[in-house]
Amino acid sequence: MARLIIMGPPGSGKGTQAEHLARHFGIPAISTGDLFRAHVRDKTDLGLEAGGFMDRGEFVPDHVTTDMLKQRMEDADAAQGFLLDGYPRTVIQIGALDEMLAGRGQPLDVVLALMASDSELLARMLRRAQEQGRSDDTEAVIQRRLALYRDETEPVLTAYSKRGILLSVDGSGDREAITASAIAAVEGALAG
Ligand code: AMP
């Protein structure tokens with residue numbers, strides 16, 4: 001079973017693509033953003049701690065995020081394969097994930113990166129703000145999240161590229177066409 005990561009700037013549609021890819025490959029899509037939003041909604045201690053960071057467009061501290069992910073990864077459905085969405089987002093988190101997977105004897109297969117232009121990203125996020133009413137989708141917060149992606153998360157892409165497991169897919173345009181090319185790219189890499 002496949003062990004995948006999907007990456008892409010905020011607004012790149014990675015959450016939607018993650019769900020389609022996970023269904024295709026028969027693995028759970030594990031989104032740290034969704035896990036945090038569930039905690040915020042349920043008003044857990046973790047949710048209270050994370051919510052403030054999220055509303056400001058900041059990252060939740062690495063150790064908080066990593067502990068939450070570790071717990072989720074222990075669920076039975078993630079035992080053999082998974083698609084991570086939104087983790088790792090920092091170089092420190094790469095190391096934490098490496099450690100987690102080394103303990104399980106499970107190397108990563110593919111890191112898929114969705115690429116899109118800044119203007120398309122901003123437009124999509126502002127649209128999502130209206131549709132979903134997410135509290136972290138105001139313009140100032142969006143700009144902060146895009147800047148953090150550039151400063152903290154692009155180095156993650158570089159690191160995986162050096163390992164030779166990064167695949168980039170054009171994330172602009174039709175949702176179904178993007179899903180199809182992402183599936184083809186991942187299947188090619190898994191077969192090759
Ligand atoms: P997302 O839905 O992936 O855009 O995540 C929403 C928010 O959750 C982010 O803006 C962060 O505040 C927080 N978050 C999600 N994943 C991480 C992570 N790996 N590290 C730190 N913060 C995260």
Side-chain angles (χ1 to χ4, degrees), residues 3-22 28-74 78 82-101 108 111-116 118 120-160 171 175 182:
R3 292 182 292 274
L4 313 174
I5 297 177
I6 187 165
M7 298 194 52
S12 61
K14 83 182 154 54
T16 307
Q17 293 298 338
E19 280 169 27
H20 289 279
L21 288 171
I30 300 180
S31 155
T32 44
D34 282 351
L35 292 173
F36 280 131
R37 279 184 285 278
H39 278 282
V40 170
R41 197 166 49 236
D42 297 344
K43 299 192 167 63
T44 67
D45 288 345
L46 179 60
L48 292 176
E49 185 176 359
F53 293 101
M54 296 170 75
D55 285 346
R56 293 192 300 277
E58 301 294 342
F59 289 162
V60 179
D62 285 325
H63 67 278
V64 176
T65 309
T66 298
D67 285 351
M68 177 183 71
L69 178 69
K70 260 189 199 150
Q71 249 184 25
R72 173 65 184 89
M73 294 282 279
E74 281 166 16
F82 46 80
L83 170 60
L84 296 184
D85 163 9
Y87 191 101
R89 253 180 164 89
T90 64
V91 169
I92 298 279
Q93 292 179 9
I94 297 181
L97 180 62
D98 283 345
E99 213 173 284
M100 228 182 282
L101 295 180
L108 285 170
V111 177
L112 187 75
L114 290 179
M115 315 301 277
D118 273 3
E120 180 157 9
L121 295 172
L122 190 62
R124 278 203 210 166
M125 290 179 83
L126 291 171
R127 199 174 339 127
R128 184 174 73 184
Q130 287 195 324
E131 288 167 5
Q132 300 181 2
R134 272 176 55 160
S135 55
D136 58 354
D137 272 349
T138 64
E139 180 150 3
V141 173
I142 288 170
Q143 295 290 7
R144 177 66 187 142
R145 296 174 70 216
L146 287 171
L148 263 184
Y149 185 83
R150 209 171 42 234
D151 296 345
E152 302 283 342
T153 306
E154 281 183 355
V156 174
L157 292 181
T158 306
Y160 284 129
R175 199 283 299 160

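Every number for a ligand or one of its atoms is a count from 1 in the order of the listing.
In this structure the side chain of Met100 reaches within 4.5 angstrom of the side chain of Thr66, judged on heavy atoms. Ile6 has its side chain within reach of Leu114: a pair of non-hydrogen atoms, C-beta onward, lies under 4.5 Å apart. Between Arg72 and Thr32 the shortest side-chain heavy-atom distance does not fall below 4.5 Å.
Ion pairing between Glu152 and Arg89 fails under the 4.0 Å rule for side-chain N and carboxylate O.
For ligand 1, the 4.0 Å heavy-atom shell contains residues Lys14, Thr32, Gly33, Phe36, Arg37, Met54, Glu58, Phe59, Val60, Thr65, Gly86, Tyr87, Arg89, Gln93, Arg134, Arg145.
By the neighbour-count criterion of 12 heavy atoms within 6.0 Å, atom CD of Glu99 is sparsely surrounded, having that number or fewer from other residues, nucleotides or ligands.
Legend: side chain to side chain donor-acceptor pair (under 3.5 Å) pairs involving residues 42-53, not counting sequence neighbours, sorted by first then second residue: His39-Thr44.
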